[in-house]
Undergrad: 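This structure is in structure tokens; I'll ask about it shortly.
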Amino acid sequence: MNHRLLPLASRLRRELFATPLDGLISVGLVVGLGAGLQALLHWALTQADWAVVQANSTLLVVGRYPLEQQWRLWLLTALLCGAAGITWGLLRGRGWPRSDRLAAAVLLVLGVVLPASLGLTAPIQQRWWWITGLLLLGRWAAGCWGAALPLRWRRLLPLAWPVLYLLGLGLIGGGLGLMTVRPSQWGGLLLTLIEASFAILVCFPLGIALALGRRSALPLLRWCSTLYIEFIRGAPLITLLFLGQNILGFLLPGGLAPDRVWRAAWILTCFAAAYVAEAVRAGLAALPRGQWEAARSLGLNMAQTLLHVVLPQALRVALPATVGQFITLLQDTTLLSLIGLLDLLGVARAVMANPEFLGRNAEVYLVLAVLFWCCCAALGLGSRALEHRLNRHSLRSEP
Amino acid sequence: MNTPWWRNRRLLPLLVQAVVGLLVLVTIALLLGNLVRNLSAAGLLLSWRWLNLPAGFDISETLLPFNAELPYWRALLAGLVNTVRVVLIGLIGATALGTLVGSAAFSSNGLLRRLSRTYVELIRNVPLLLQLLFWYFVVFLSLPNGTAAIQLPWAVLAKSGLYLGSTQLIDGVWHGSLRITLEFAALLTGLIIHSGAFIAEVVRGGVAAVPRGQWEAARSLGFTPGQTLSRIVLPQALRVIVPGLNSQYISLAKNSSLAVACGYSDLYSVAETTLNQTGRAVEVVLILLGTYLAIDLIISLLMNRLNQLVQIQER
């Protein structure tokens with residue numbers, strides 16, 4: 001016991017009490033942080049009234065999506081979770097490393113505790129259990145038998161994600177025999193996720209094109225891309241959203257202007273594309289000229305050079321900055337509430353305006369902040385894991 | 001001579017540019033054509049005469065004197081002055097906070113280092129708008145009034161505002177030599193705390209970019225820790241920090257347009273009201289975009305001058 005305690009004590013001493021001043025700072029910080037934490041806990045456990053979140057959890061998650069059509073969202077959630085489990089299993093194989101066991105445990109706890117603490121009815125709680133079970137089952141099954149699949153099939157499996165995305169948009173929006181649910185009825189977390197995912201997916205290729213344009217040898221392409229990027233980066237997003245809501249209708253021929261929700265999605269996309277372009281441009285700039293020249297002198301044409309030599313390396317360098325932009329984009333979707341859309345924050349503000357829940361701002365904002373924090377931190381973590389994986393790969397391929 | 005035209009290295013670039021140029025021109029022409037047609041149908045063709053009409057709305061707090069009878073351009077100008085005020089004070093505050101937090105990441109105190117990291121991670125992963133709403137609605141609007149207000153020797157923070165200088169309580173209402181509205185205080189707090197986290201990362205990156213050997217060499221030459229920082233490390237770190245600061249300052253200027261969330265009348269909020277009253281969408285958006293672009297350019301110009309000062313003077 002002594003040999004375990006001693007390093008801790010000496011470490012504490014080195015970390016916290018190296019000099020008298022450090023000791024003073026440490027004591028001050030411990031006292032201050034302790035008091036703050038105690039006040040927060042006291043508030044959360046005794047003064048806060050979490051009924052506002054419990055009573056409005058459905059509203060916060062899907063907005064005014066028609067009740068009798070919500071089975072489509074459940075189906076979509078199940079499909080997405082199943083696909084996520086299978087992808088996870090295929091990536092990891094048969095083994096369950098410690099990080100996977102930890103993630104599975106966290107998912108299990110979330111799947112059981114979260115629905116219960118939100119005060120959902122028993123059938124809905126059970127649905128969440130099923131969905132969590134499906135995810136873990138997919139992980140287990142794909143881990144066991146994924147490797148046995150023919151290679152040709154496994155190559156095709158990543159294509160399932162774009163198909164699933166389009167299917168999801170179809171399920172949400174309706175059509176083809178399903179009842180149409182107009183975008184104005186989408187709301188809450190659902191709307192936030194649709195807007196963010198759409199903008200992320202579309203702005204990425206757009207950003208790459210703009211970055212290539214800005215570094216092009218052709219002056220006209222260079223000028224156009226530069227002008228666009230600098231114009232967008234010079235304007236606050238809110239003024240561009242404002243432009244989208246008030247002027248886009250004038251710019252397009254009558255009737256062609258998209259719905260308010262899609263207008264905002266396109267503005268977000270165009271906005272993010274300029275920032276992604278700058279991230280990708282930095283990646284392109286980091287690539288030695290010799291790579292271009294070597295590829296060209298090997299007889300690759302322009303498209304092959306880009307696709308096989310330049311972009312794989314440049315995008316790897318640009319990955320952290322690009323994901324950083326995606327995280328910003330996810331956060332920027334909150335601005336939609338300022339132009340009257342009912343995204344997560346918009347719904348939350350509507351809930352707080354309800355006289356029944358007056359003065360319960362702190363609870364709602366805290367829940368929203370935790371939700372955003374988790375999403376953004378997860379994206380950042382994923383980016384770091386991917387970066388690690390790619391770098392490991394590149395080290396192995398270079399002798 | 002035998003190369004086919006699609007491999008011709010002179011012709012091809014010209015052709016590509018011609019096609020792209022044509023596409024861009026046609027798109028712009030189409031959009032502008034629609035704009036003119038739709039605007040004239042709505043009777044809103046581009047005109048600036050409405051700027052001289054009386055605004056008819058009031059602005060809650062202005063540095064320039066303003067009332068509802070003054071024209072729209074005065075309203076927009078008052079909004080601009082409000083924006084500039086919050087940006088200037090915000091820049092100073094965020095730089096101070098960011099420098100403090102960024103250098104805390106190098107403290108010998110482990111707790112302080114971790115606290116600095118936690119602050120940055122916490123702030124960067126929560127949307128600014130949410131933070132601003134939190135500061136305004138949860139923190140500042142729940143402040144007590146009267147004798148229960150938070151009193152410091154030189155300042156009083158009450159629900160009716162932040163009073164600085166010599167303060168006194170008269171009939172349950174605070175008076176001070178300088179009163180700052182809660183809207184302004186909330187916006188400023190939110191912006192400084194948000195930008196401070198980003199600037200802390202810039203500062204941390206800049207200091208981390210100075211090789212360890214520079215610290216050790218300075219210390220072994222007998223420099224005190226303070227001298228090491230000010231004479232050796234900072235001049236080198238600044239070369240990395242200043243370009244990063246530039247983009248953070250521009251972000252702060254653009255983020256100030258979220259003032260509308262706190263009920264502070266900045267340029268964007270005045271412009272929104274103006275649009276609602278006049279319907280002059282195109283002109284209002286042009287003014288907004290032009291003004292923010294100008295603010296960004298001014299910040300960029302100043303920071304580029306600063307950048308030239310801190311770069312290595314090579315002979």
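Proteins get letters first, then strands, A, B, ... in listed order; numbering begins at 1 in each. Below, all heavy atoms of this structure are taken into account, side chains as well, without hydrogens, waters or symmetry copies.
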Undergrad: What part of B:R114 gets within 4.5 angstrom of chain A, counting heavy atoms only: side chain, backbone, both, or neither?
TA: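 The answer is the side chain of B:R114.
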Undergrad: Could you name the residues of residues 132-139 of chain B that have a heavy atom within less than 4.5 Å of a heavy atom in chain A?
TA: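 Residues in range: B:L133, B:F134, B:F137, B:V138.
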Undergrad: Rounded to the nearest 0.5 Å, how far does CD1 of A:I25 lie from OG of B:S108?
TA: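 It comes to 7.5 Å.
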Undergrad: What part of B:L275 gets within 4.5 angstrom of chain A, counting heavy atoms only: side chain, backbone, both, or neither?
TA: side chain
Undergrad: Roughly how far, to the nearest 0.5 Å, is the CG atom of B:L14 from the CG atom of A:L218?
TA: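 Between A:L218 CG and B:L14 CG, I get 9.0 Å after rounding to 0.5 Å.
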Undergrad: Do you know the tightest heavy-atom contact between A:C376 and B:N125?
TA: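 Here A:C376 and B:N125 meet closest at CB-OD1, 3.4 Å.
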Undergrad: Could you tell me which portion of A:S216 (side chain, backbone, both or neither) has an atom closer than 4.5 angstrom to a non-hydrogen atom of chain B?
TA: neither
Undergrad: When only heavy atoms count and the cut-off is under 4.5 Å, which of residues 250-259 of chain B reach chain A?
TA: B:K254, B:S257, B:L258
Undergrad: My understanding is that only residues two or more places apart in sequence, or in another chain, count here; which of them pass side chain to side chain donor-acceptor pair (under 3.5 Å) with A:E363?
TA: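 Result, side chain to side chain donor-acceptor pair (under 3.5 Å) vs A:E363: A:R360.
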Undergrad: Please state whether the side chain, the backbone, both or neither of B:V260 comes within less than 4.5 Å of a heavy atom of chain A.
TA: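 Answer is side chain: those atoms of B:V260 sit under 4.5 Å from chain A.
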Undergrad: Could you tell me which portion of B:V36 (side chain, backbone, both or neither) has an atom closer than 4.5 angstrom to a non-hydrogen atom of chain A?
TA: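 Contact with chain A involves no heavy atom of B:V36 at all.
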Undergrad: Side chain from CB out, backbone as N, CA, C, O: work out which of these in B:L31 comes under 4.5 Å of a heavy atom of chain A, or both, or neither.
TA: both
Undergrad: What part of B:L288 gets within 4.5 angstrom of chain A, counting heavy atoms only: side chain, backbone, both, or neither?
TA: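 When you check distances to chain A, only side chain atoms of B:L288 fall under 4.5 Å.
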Undergrad: Checking B:V24 against chain A: side chain, backbone, both or neither under 4.5 Å from a heavy atom?
TA: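 Only the side chain of B:V24 comes within 4.5 Å of chain A.
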Undergrad: Kindly compute the distance separating CH2 (A:W373) from CD1 (B:I123), expressed to the nearest 0.5 Å.
TA: 12.0 Å
Undergrad: Got a list of side-chain donor-acceptor pairs under 3.5 Å for residues 229-251 of chain A, not counting sequence neighbours?
TA:
{"from": "A:E230", "atom 1": "OE2", "to": "A:R214", "atom 2": "NH1", "distance (Å)": "3.1"}
{"from": "A:E230", "atom 1": "OE2", "to": "A:R214", "atom 2": "NH2", "distance (Å)": "3.3"}
{"from": "A:T239", "atom 1": "OG1", "to": "A:P236", "atom 2": "O", "distance (Å)": "2.7"}
{"from": "A:Q245", "atom 1": "OE1", "to": "A:R260", "atom 2": "NH1", "distance (Å)": "3.2"}
{"from": "A:N246", "atom 1": "ND2", "to": "A:F242", "atom 2": "O", "distance (Å)": "3.0"}

Undergrad: Is the count of non-hydrogen atoms from other residues, nucleotides or ligands lying under 6.0 Å from A:W223 atom CH2 greater than 12?
TA: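 Open.
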Undergrad: Is B:D296 close to chain A through its backbone or its side chain, or both, or neither, when contacts mean heavy atoms under 4.5 Å?
TA: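 For B:D296, side-chain heavy atoms alone lie under 4.5 Å from chain A.
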Undergrad: Does any backbone or side-chain atom of A:V364 lie under 4.5 Å from a heavy atom of chain B? Answer side chain, backbone, both or neither.
TA: neither
Undergrad: Within the side chain of B:Q131, is there an N or O that forms a donor-acceptor pair under 3.5 Å with the backbone of A:A369?
TA: no
Undergrad: Answer with side chain, backbone, both or neither: which region of B:L115 has an atom nearer than 4.5 Å to a non-hydrogen atom of chain A?
TA: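 The answer is the side chain of B:L115.
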Undergrad: Might you point out which heavy atoms bring A:S26 and B:N109 nearest each other, and give the distance in Å?
TA: OG-ND2, 2.7 Å
Undergrad: How long is the span from the CG atom in B:L128 to the CG atom in A:D332, to the nearest 0.5 Å?
TA: 9.0 Å
Undergrad: Side chain, backbone, both or neither: which part of B:R113 has a heavy atom under 4.5 Å from chain A?
TA: side chain
Undergrad: Side chain, backbone, both or neither: which part of A:L366 has a non-hydrogen atom closer than 4.5 Å to chain B?
TA: neither
Undergrad: So which residue, B:A294, B:P127, B:A281, ends up with the most heavy-atom pairs under 4.5 Å with chain A?
TA: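 Top count of heavy-atom pairs under 4.5 Å with chain A: B:P127.
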